[in-house]
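The structure appears below as structure tokens.
Bear in mind that the values here come from a model prediction, so they are computed numbers and not experimental data. We name chains A, B, ... by the order of the sequence lines, and we start the count at 1 in each one.
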Amino acid sequence: RTSVSDLEVIPTQETGTLWTIRYHLIDERSGLPNADETITVATTRPETILGDTAVAVHPDDDRYRALVGRRVRIPFVDRDVPIIADDVVDRGFGTGAVKITPAHDKDDHATGQRHGLPMISVLADDATINEVGGTYAGLDRYEARKRIVADLEGAGDLVGTKPHEMVIGRCQRSNDVIEPRLKTQWFIKVDPLAQSALQATRSGETEIMPARFEKVWENWLTNIHDWNVSRQLWWGHRIPAWYCPDGHVTVSSEVDGPARCETCGRGAAELRQDPDVFDTWYSSGLWPFSTLGWPDRTEDLRRYYPGTVMETGYDIIFFWVARMMFTGLQFMDAAPFRTVYLHGMVKDPYGQKMSKSKGNIVDPLEAIDRAGADAMRFSLLNGTSPGNDQKFSNERLEDGRNFANKLWNATRFVLGARPASIPADAPRREPDEASLGAGERWIRSRTAAAVDAVDKAMGEYQLAEATRALYDGIWSEFCDWGVELAKVRLADEALPAAVREATWWTLVESIDTFVRLLHPVMPFITEALWASLPHAADDPDLLIVAAWPQGSTPARDRATEASVEAVLDLVRRIRNARTEAGIETSAWIDAEIAAPGASNALVAELRPQLERLTRVKATILPADVARKDVPGALSVIAGGLEAYLQPREDPEVAARERDRLTRELGVVEGRLASSTARLADPAFSSKAPPHIVDGARRSHAELEAQAASLREKLAG
RNA sequence: GGGCGAUUGGCUCAGUGGUUAGAGCACGCGGUUCACAUCCGCGGGGUCACUGGUUCGAAUCCAGUAUCGCCCACCA
């Protein structure tokens, strides 16, 4: 039984009843209600008849124009009230005449104030009819409603009863129907606070993200009403107001209250503190500074106020964020944070809001039991966008779990692959650059790219973009290619120890970097893994306080990336050709590879890796051979590189190979056609930026070469 | 009544002007290669809700329409 603020009232769509009721007009001569002369009003709350103090019609409504100024008799309480004209009345609704109960309805209250109507409360605090209700006194509000309807019917004044779709205000917490009452309560005059909060966002002192919520913010703050902060509850900050026996109010910031009534001077002994407490959101609004020792000017307060980022759900932007802004600007003269980052809601698997009453709550502890806390955290971030809702699903949870598992196994592999020449407790070292191969340089560069991508994404609060960069970087690049390339050198006993050591330190460096980057998202597994990695002398004991990776360290090496990518592309295409030709996965076959010009040395260097990844025994052709006709071979074209695979004797293979080449030529020719049309359009070459046009020309030339090569093979 | 968001492969979602729109799951085929079957390889699958406009070029920008969802609002 407490008052609440407007925000805590949830308008609920419900089917109620609309009753139409006859009120009898007062005969001007006799002063008595006329049996025949009536006005019919519509109401959904017949029990409030007891508090009616007027009947209102629209001023331009011809049906009632003559009745304005007359009086009607309110039944049961025998009160005579005026018929007034007010343009809040909707002529089209009900009968066009509405009963006015200023003490029990927000609109009626406003109407009552405009017309100076008496405001008669008919309810007690426990929602029973009070003494004003005469024979209904003591009845619960709904019981009274039933009786009154029955009694109206008995009197012949109930005209109609019909179901009615309406909006009822219910309590956010208890779901009870909220009763508008006239009560003396403490309110906060909110307009000046709203103005300063608006000033903070308009000036850029505080930025709301995503930006679209700023409109919501603006709209709410510019139409805001005063805030009822009194709560008749047991728990909370007490209202700092004291009353003397004469009813004078003294507000004090002293813990023990004021020494005397500031109006009449009565001593503290006679003063009584207001029993009410503040709205819990009022207290929560103090959080940004009260947690830092305020009102004392502590070191923490100086250092940490204002904060940098407030991260919270968009559903409490008004409840909490706005109130923190109000109190922060009021008491600290500065907005409490520079950025407000609003996330979406986690809905149930069907997109419904989780609620206890619907019973569709997903218990995070169950998810954690099933997949781990890190997996859940990852799943809640990955594949979401700022401010948008997401559905919680077990599939997504499994993604996170599998990812954690992958990272765990990859780290386990790296630790187990340590060359014997490195002691188990060796401190972490940078790889020796002189001993790095193309694969290692590629890993280092791609890891640097991941650092840059994560930094950029985090800087823009694109958290899902950061997790995506980490997922791809760790799984699709480091594990799928980096580790696979490194395995060859790590396993090759013929190589100098320095080479194998450099390879291993490269893997360690990369894992170390990824684990640091992933730590904010998956703190537990990364902390555990990091503990098992070699550390440098200046590393702290725990990852949580370890340094964030420096962007582009080691530096990006785009030339290496491009040339190694070309080899990786060749690997993919060789695998594809093998599958399509129906060559058994495990069979080793021979291949010749044309790597013309500058690419020759790199392909030669990576030949062992290429062989392992494709299960071909490769011969690298001299650098001056760009293309070769190898009868009976499967031809694979990847950019400037070509490979010619020699399958075992199999008549079907040749036919499938022809099909494959024909299909490939079709695709290439299709692209070539659109590319030709594009380049032929003078508008494109004259209006598009030069780098786009150049790119289009380059890819066109490459497509032409591919098409020529394919045609040649099909002809041969 | 105002405002906001969503609409992209079977599912869940990324992608805000530039070649051929991506991922995970699901699906099909293959896999006892010394980290991982919670895995590896290959593949099929989308006229980006609709209509019109701007532009050399639109999933992306603009206008409108439809459907779904949310927020705000004093029709008894």
Can you name the atoms? Protein N/O to nucleotides 52-55 of chain B N/O, anything below 3.5 Å, with the distance.
none

Could you list all N or O pairs between the protein and nucleotides 1-9 of chain B that sit under 3.5 Å apart?
residue, atom, partner, partner atom, Å
B:rC4, OP1, A:K215, NZ, 3.3

Find every protein N or O atom lying less than 3.5 Å from an N or O atom of nucleotides 22-24 of chain B, and list the pairs.
residue, atom, partner, partner atom, Å
B:rG24, O2', A:D399, OD1, 2.3
B:rG24, O2', A:D399, OD2, 2.6

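When the side chain to side chain contact (heavy atoms under 4.5 Å, CB included) test is applied to A:E8, the partners found at least two apart in sequence or on another chain are A:V4, A:S5, A:Q172, A:R231, A:D279, A:F319. Every residue two or more places apart in sequence or in another chain that forms a side chain to side chain contact (heavy atoms under 4.5 Å, CB included) with A:F318 is listed here: A:L7, A:V216, A:W220. Residues satisfying the salt bridge (charged side-chain N to carboxylate O under 4.0 Å, His left out) criterion with A:K391, sequence neighbours excluded, are absent altogether. Residues satisfying the side chain to side chain contact (heavy atoms under 4.5 Å, CB included) test with A:Y471, not counting sequence neighbours, are A:F378, A:F403, A:W475. Partners of A:R500 under the salt bridge (charged side-chain N to carboxylate O under 4.0 Å, His left out) rule, at least two apart in sequence or in another chain, are A:E493. For A:V89, the side chain to side chain contact (heavy atoms under 4.5 Å, CB included) test picks out A:A56, A:H58, A:V98, with sequence neighbours left out.
Counting only Watson-Crick and G-U wobble pairs whose two key distances fall under 3.5 Å, RNA chain B forms stems of three or more stacked pairs at B:1-7 with B:66-72, B:10-13 with B:22-25, B:27-31 with B:39-43, B:49-53 with B:61-65.
Shown for residues 673-684 of chain A: residues whose heavy atoms fall under 4.0 angstrom of RNA chain B, namely A:S674, A:R678, A:D681, A:A683, A:F684.
Across all strands shown, A:T101 has no heavy atoms under 4.0 Å from either base or sugar-phosphate atoms.
The minimum heavy-atom distance linking A:R697 with A:S685 is given by the pair NH2-CB, 4.3 Å.
Side-chain contact between A:T48 and A:K99 is present, with at least one heavy-atom pair separated by less than 4.5 Å.
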**Asked** Going 5' to 3' along nucleotides 32-45 of chain B, which nucleotides have protein heavy atoms under 4.0 Å from the base (write B), which only from the sugar-phosphate (write S), and which from neither (write -)?
**Response** -B-BB-BSSSSS--
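A sub-4.0 Å separation between OP1 or OP2 of B:rC25 and a side-chain N or O of A:K391 is absent.
Here B:rA76 is the nucleotide among B:rA76, B:rC56, B:rC71 with the atom lying nearest to any side-chain atom of A:M166.
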